Each structure stands twice: as structure tokens, then as C-alpha cells.
Amino acid sequence: MTAIKGLLVMDVDSTLIQEEVIDLLGEKAGLGPQVADITERAMRGELDFRQALAERVALLKGLPERIFEEVYQELHFTQGAKALVTALHDRGYKVGLVSGGFHETVDRLAAEAGCDYAVANRLEVVNGLLTGRTLGEVVTKETKLKQLKTWAAENGLDMSQTVAMGDGANDLPMIQAAGIGIAFCAKPIVREQAPYQITEPDLYQALAIIDEVTHL
């Protein structure tokens, strides 16, 4: 078995994909502006993420479960996303997704992009309708950091061999803990505190940063 050489963990909404899934769900519920406003404030670090998630999910109560299929058809991978995953696999890296979004879309995105791991929130469904609540542990900034460390340990990697990338305030702890932390088209608070930045919506640029740092 070939030794794993590194690990990249990234956010999903506004990083792996161009959209914010919860905002699209909000639009389907006829509450797009309200949901989008809460999302924006949470990503800027102005709101507690757990509280902001609960407020937004509550607004989705009553939506039919089939809404996930509709929303999935409206998602677009960020430029360079699949190419980055392929290139990293060729170099012996594992790729994981950590998302404050939902397994109902994240699992499909992970499979389509060829990612190795995925952790996200799960929405409660009863009788085919969203209840306005989540199930299980909420994915927070602490969860994202924990997953980065857990996946690194599972693959026998030092934290110096990890890369973390995202755009929002809840990505900062993992970005700062990783060997290479990248702010991707990020909110101001993330740009200010991340060691590296990508300012164009092209995920493949992460490879140039990894090469520069690791001198491959």
C-alpha cells in the first residue's frame, strides 16, 4: 500500500461549489433574502454559527424532501475543483470535505468530485417534509478543525502535511492549524488571518501554493 503523502480538507459552499445551498433552500421556501442575510453575517463572523444555522433551518420547515434533488441540479462546481482533486490523488493526497451544509447534497458532491471523506449536517425529515431541525451534532468551526486532525491521524500524517481551505469565519481554525492554510475568495476576517490566499474563483490555484510551500 502506497503511503499517503498529504491531506487537503476544504469547505463546500462558496469553495468547492459556487453556491450556498442553504440560501437556495431558502429561496425555495420563499424566504431567500432572510436566509441569505443570516448566512452572510455568519460567514463574516458576526453571528454564532450554531445559532445562525438553527435560525435558517427553522425557516425551511415544511419543504418537501424532494427539494434536495431540485437544488442539486442548480449547483455548480467551482472552476478547477475536480481537476484539483484528481491532481492531488495523483500526488498521493487524500481529499476531505467539511461543511456546515447538508449531507443530502454534500455526499453527492463528494462522490461526483471523487473526494475521500465528507462531513456535514443532516436535516430532519418526517413524513417527507423538513421539520425545521437538524439531526445529530452540528458541524461548527471546532468540528472542522477536529476532522482535519482526525483524518490526518488516520493517515499517519503530521499537521505540517495538511492543507485546509475555505471562505468563511468557521473555516479559520482549520486554516490556521493546517500546514498550508488557504483563504479562498474569502470574507475579510478570513483574508486577514489566513497564511495564503486565492482571490480568483479557481480552485486549481491551490496546487501552485502547495508546490511553492512543499518544493515538490
Side-chain angles (χ1 to χ4, degrees), residues 8-44 47 49 52-86 95-135 138-139 144 165-171 183-187 190 198-206:
L8 180 141
V9 175
M10 70 176 119
D11 180 38
V12 174
D13 297 76
S14 298
T15 300
L16 178 75
I17 59 173
Q18 298 172 26
E19 295 81 12
E20 289 282 339
V21 169
I22 196 159
D23 291 358
L24 295 179
L25 290 169
E27 290 175 14
K28 303 290 185 187
L31 297 165
Q34 295 98 308
V35 173
D37 177 64
I38 298 171
T39 299
E40 178 67 20
R41 290 163 63 204
M43 291 302 97
R44 288 200 304 257
L47 298 175
F49 183 81
L53 180 70
E55 286 182 22
R56 290 175 292 174
V57 169
L59 294 172
L60 306 179
K61 182 177 180 179
L63 282 177
E65 186 176 16
R66 67 175 183 275
I67 208 74
F68 292 112
E69 179 62 36
E70 292 180 29
V71 166
Y72 194 80
Q73 301 308 318
E74 298 176 18
L75 303 182
H76 302 85
F77 281 101
T78 300
Q79 180 179 328
K82 293 181 180 178
L84 174 64
V85 174
T86 299
V95 180
L97 304 178
V98 285
S99 177
F102 310 110
H103 270 292
E104 290 81 358
T105 50
V106 171
D107 289 352
R108 291 180 66 177
L109 291 165
E112 192 174 335
C115 298
D116 302 285
Y117 309 107
V119 167
N121 293 307
R122 196 174 295 279
L123 291 172
E124 184 181 60
V125 177
V126 175
N127 297 325
L129 299 176
L130 302 191
T131 66
R133 295 186 296 268
T134 55
L135 286 173
V138 171
V139 175
K144 292 190 174 195
M165 181 163 51
D167 71 299
N170 59 337
D171 299 313
F184 181 77
C185 297
K187 302 297 183 288
V190 186
I198 295 173
T199 57
E200 299 172 16
D202 180 3
L203 281 172
Y204 200 74
Q205 291 188 16

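Quantities reported herein were computed from a predicted structural model and do not represent experimental measurements.
- One distance of note links CZ of Arg122 with NE2 of His103; it measures 5.0 Å at 0.5 Å rounding.
- From Leu53, atom CG reaches atom CD1 of Ile22 across 5.5 Å, with rounding to the nearest 0.5 Å.
- Side-chain atoms of Val9 and Tyr117, non-hydrogen and from C-beta on, never get closer than 4.5 Å to each other.
- Leu84 has its side chain out of reach of Lys82: every pair of non-hydrogen atoms, C-beta onward, lies at least 4.5 Å apart.
- Between the side chain of Asp37 and the backbone N or O of Pro33, no donor-acceptor pair lies under 3.5 Å.
- Proximity of a side-chain donor or acceptor of Thr15 to a complementary backbone N or O of Val12 within less than 3.5 Å is not detected.
- Among all heavy-atom pairs drawn from Gly101 and Ser99, the shortest one is N-OG, 2.7 Å.
- Expressed to the nearest 0.5 Å, how far CD of Glu40 lies from CE of Met43 amounts to 9.0 Å.
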Full working for salt bridge (charged side-chain N to carboxylate O under 4.0 Å, His left out) between Glu69 and Arg108: CA-CA 10 Å; Glu69 179 62 36; Arg108 291 180 66 177; 2.7 Å; yes
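- Between the CG atom of Leu97 and the NZ atom of Lys144 there is a distance of 10.0 Å, given to the nearest 0.5 Å.
- Leu75 CG to Glu112 CD: the interatomic distance, rounded to the nearest 0.5 Å, is 9.5 Å.
- A side-chain donor-acceptor contact under 3.5 Å links Asp116 to the backbone of Val95.
- In the displayed structure, Glu200 atom CD is contacted under 6.0 Å by at most 12 heavy atoms of other residues, nucleotides or ligands.
- Here the shortest heavy-atom pairing between Ala118 and Asp107 reads CB-OD1, 4.1 Å.
- At least one side-chain heavy atom of Phe68 sits under 4.5 Å from a side-chain heavy atom of Leu123.
- A salt bridge between Lys28 and Glu74 is present, with a side-chain N of the basic residue lying under 4.0 Å from a carboxylate O of the acidic one.
- For the atom pair CG (Leu129) and CZ (Arg66), the distance works out to 9.0 Å, reported to the nearest 0.5 Å.
- Between the Asp171 side chain and the Gly168 main chain, a donor and an acceptor come within less than 3.5 Å of each other.
- The heavy-atom pair separating Val85 from Ala113 by the smallest distance is CG1-O, 3.3 Å.
- Contact annotation: the side chain of Phe102 approaches that of Leu25 to within less than 4.5 Å [non-hydrogen atoms, C-beta and beyond].
- Proximity of Leu130 to Val125: side-chain heavy atoms (C-beta onward) are separated by under 4.5 Å at one or more points.
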Could you go step by step and tell me if Thr134 and Glu124 meet the side-chain contact (heavy atoms from CB on, under 4.5 Å) rule? CA-CA 5 Å; Thr134 55; Glu124 184 181 60; over 6 Å; no
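- Among the candidates Glu20, Arg56, Arg44, Gln34, the single residue satisfying the side chain to side chain donor-acceptor pair (under 3.5 Å) test with Thr39 is Arg56.
- Between the side chain of Glu19 and the main chain of His76, a donor-acceptor pair closer than 3.5 Å is present.
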Go through Phe77 and Leu109 one step at a time and tell me if the side-chain contact (heavy atoms from CB on, under 4.5 Å) criterion holds. CA-CA 9 Å; Phe77 281 101; Leu109 291 165; 3.8 Å; yes
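- The backbone N or O of Gly100 lies less than 3.5 Å from a partner atom in the side chain of Asn121, making a donor-acceptor pair.
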Please determine whether side-chain contact (heavy atoms from CB on, under 4.5 Å) holds for the pair Val190 and Asp167, giving the CA-CA distance in whole Å, both sets of side-chain angles, and the decisive distance to 0.1 Å. CA-CA 7 Å; Val190 186; Asp167 71 299; over 6 Å; no
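- The two residues Ala29 and Leu60 make their nearest non-hydrogen contact at CB-CD2, 4.4 Å.
- When atom types are taken as modelled, the side chain of Thr78 and the backbone of Leu203 share no donor-acceptor pair closer than 3.5 angstrom.
- When atom types are taken as modelled, the side chain of Asp13 and the backbone of Val21 share a donor-acceptor pair closer than 3.5 angstrom.
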